[in-house]
Amino acid sequence: QVQLVESGGGLVQAGGSLRLSCIASGRTVSSYAMGWFRQAPGKEREFVADINWNSRRTYYADSVKGRFAISRDNAKNTVYLQMNSLKPEDTAVYSCAARTVYSGTYNFNDYSYWGQGTQVTVSS
């Protein structure tokens, strides 16, 4: 089993930055691709970013491309999401997840292990 715990969320003004961390325990995630998703109140869960096991491939939602960067440190069993130029519409609960299936669509069903999430609030 894999346990994922996110941290780093908070309240930030528009244009600001935050760095989220996701620490895995119970089992190494170094062989899994990892992703970040977000869910705003009243909205469906939305894919944000994904990184493959050796960091050679990353993929981003169009809404965050150029502003967010996903990275990982397999020695620390940790995945990061650097978020810059934040906008009020980025406000959501951000969750990390380990991908065990590749459907080519980065659908949340491809991810088997999930963290509880961390709240990010961007004020205007």
Side-chain angles (χ1 to χ4, degrees):
Q1 277 287 11
V2 174
Q3 290 81 42
L4 303 173
V5 178
E6 303 91 340
S7 63
L11 174 63
V12 64
Q13 288 189 332
S17 298
L18 283 175
R19 188 195 196 202
L20 306 184
S21 299
C22 170
I23 299 176
S25 62
R27 181 178 174 182
T28 180
V29 294
S30 60
S31 61
Y32 293 123
M34 298 293 294
W36 285 94
F37 285 75
R38 67 186 181 186
Q39 188 166 20
K43 295 188 176 182
E44 293 187 353
R45 184 165 35 187
E46 175 189 19
F47 168 79
V48 175
D50 182 277
I51 186 167
N52 79 323
W53 72 275
N54 62 3
S55 302
R56 289 186 179 178
R57 286 192 300 273
T58 58
Y59 186 77
Y60 298 93
D62 287 343
S63 57
V64 306
K65 202 173 294 182
R67 299 188 298 121
F68 290 13
I70 188 171
S71 61
R72 66 189 299 164
D73 184 337
N74 285 339
K76 295 181 178 180
N77 235 13
T78 302
V79 180
Y80 305 98
L81 185 68
Q82 177 67 44
M83 305 186 296
N84 300 324
S85 302
L86 282 161
K87 305 174 181 180
E89 51 264 42
D90 295 318
T91 295
V93 174
Y94 284 72
S95 300
C96 68
R99 175 159 58 86
T100 54
V101 173
Y102 181 60
S103 67
T105 62
Y106 300 98
N107 185 279
F108 69 87
N109 287 319
D110 291 355
Y111 299 79
S112 296
Y113 303 107
W114 291 84
Q116 296 279 22
T118 184
Q119 176 71 46
V120 171
T121 303
V122 184
S123 64
S124 57

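Numbers here are sequence positions counted from 1. Predicted, not measured: the structure shown is a model, and the values here were computed from it.
Val48 and Val93 sit in two unconnected hydrophobic clusters of ILVMFWY residues. Membership requires side-chain heavy atoms under 4.5 Å apart, directly or through other members. Phe37 and Leu81 fall into different hydrophobic clusters, where Ile, Leu, Val, Met, Phe, Trp and Tyr side chains are chained together by heavy-atom contacts under 4.5 Å. The hydrophobic clustering, which links ILVMFWY residues whose side-chain heavy atoms are closer than 4.5 Å, places Val79 and Phe47 apart. Taking hydrophobic clusters as Ile, Leu, Val, Met, Phe, Trp and Tyr residues chained together by side-chain heavy-atom distances below 4.5 Å, Tyr80 does not share a cluster with Leu4.
Using a 4.5 Å heavy-atom cutoff, the side chains of Ile51 and Trp36 are not in contact. Counting only heavy atoms from C-beta outward, the side chains of Val120 and Arg38 never approach each other to under 4.5 Å. Annotation: side chain of Gln119 is in contact with side chain of Thr91 (closest heavy-atom distance under 4.5 Å). A heavy-atom distance below 4.5 Å is found between the side chains of Met83 and Leu20.
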Does the salt bridge (charged side-chain N to carboxylate O under 4.0 Å, His left out) test come out yes or no for Lys65 and Asp62, once each step is laid out?
CA-CA 5 Å; Lys65 202 173 294 182; Asp62 287 343; 3.0 Å; yes
Report the C-alpha separation of Glu46 and Ser63 in whole Å, then their side-chain angles, then the decisive distance to 0.1 Å, and conclude whether the side-chain contact (heavy atoms from CB on, under 4.5 Å) test is met.
CA-CA 10 Å; Glu46 175 189 19; Ser63 57; 3.5 Å; yes
Could you walk me through whether Leu86 and Phe68 pass side-chain contact (heavy atoms from CB on, under 4.5 Å), step by step?
CA-CA 9 Å; Leu86 282 161; Phe68 290 13; 3.8 Å; yes
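Relative orientation of the Tyr32 and Tyr113 rings is tilted, given thresholds of 30° and 60° on the angle between their planes.
The local environment of NZ in Lys43 is sparse, with at most 12 non-hydrogen atoms from other residues, nucleotides or ligands closer than 6.0 Å. The number of heavy atoms from other shown groups lying within 6.0 Å of CH2 (Trp114) is above 12. Environment of CD in Gln116: sparse, with no more than 12 heavy atoms of neighbouring residues, nucleotides or ligands closer than 6.0 Å.
Across all non-hydrogen atoms, the minimal contact from Ala24 to Val29 is CB-CG1, 3.6 Å. The two atoms that bring Gln82 and Ser17 nearest to each other are NE2-CB, 4.0 Å, heavy atoms only. Considering all non-hydrogen atoms of both residues, Ala14 and Ser124 come closest at CB-CA, 4.4 Å. When all heavy atoms of Ser95 and Gly115 are compared, the pair lying nearest together is OG-O, 4.1 Å. Ser30 and Arg72 get closest at one heavy-atom pair: CA-NH2, 3.8 Å.
Between the side chains of Asp50 and Tyr111, at least one donor N or O sits under 3.5 Å from an acceptor N or O.
In this structure, the side chain of Arg67 engages the main chain of Ser85 through a donor-acceptor pair within 3.5 Å. With hydrogens and angles disregarded, a donor-acceptor distance shorter than 3.5 Å links the side chain of Thr78 to the backbone of Lys76. No donor-acceptor pair closer than 3.5 Å links the side chain of Asn74 to the backbone N or O of Asn54.
To the nearest 0.5 Å, the span separating OG on Ser112 from CD on Gln1 amounts to 9.5 Å. Distance CZ/Arg45 to CG/Asn107: 9.0 Å, rounded to 0.5 Å.
Shown here are the side chain to side chain contact (heavy atoms under 4.5 Å, CB included) partners of Leu11, two or more places apart in sequence or in another chain: Thr121, Ser123.
Applying the disulfide (SG to SG under 2.5 Å) rule to pairs touching residues 25-124 yields Cys22-Cys96, sequence neighbours excluded.
Close placement of the Tyr106 and Tyr59 rings is indicated, their centers lying within 6.0 Å of each other.
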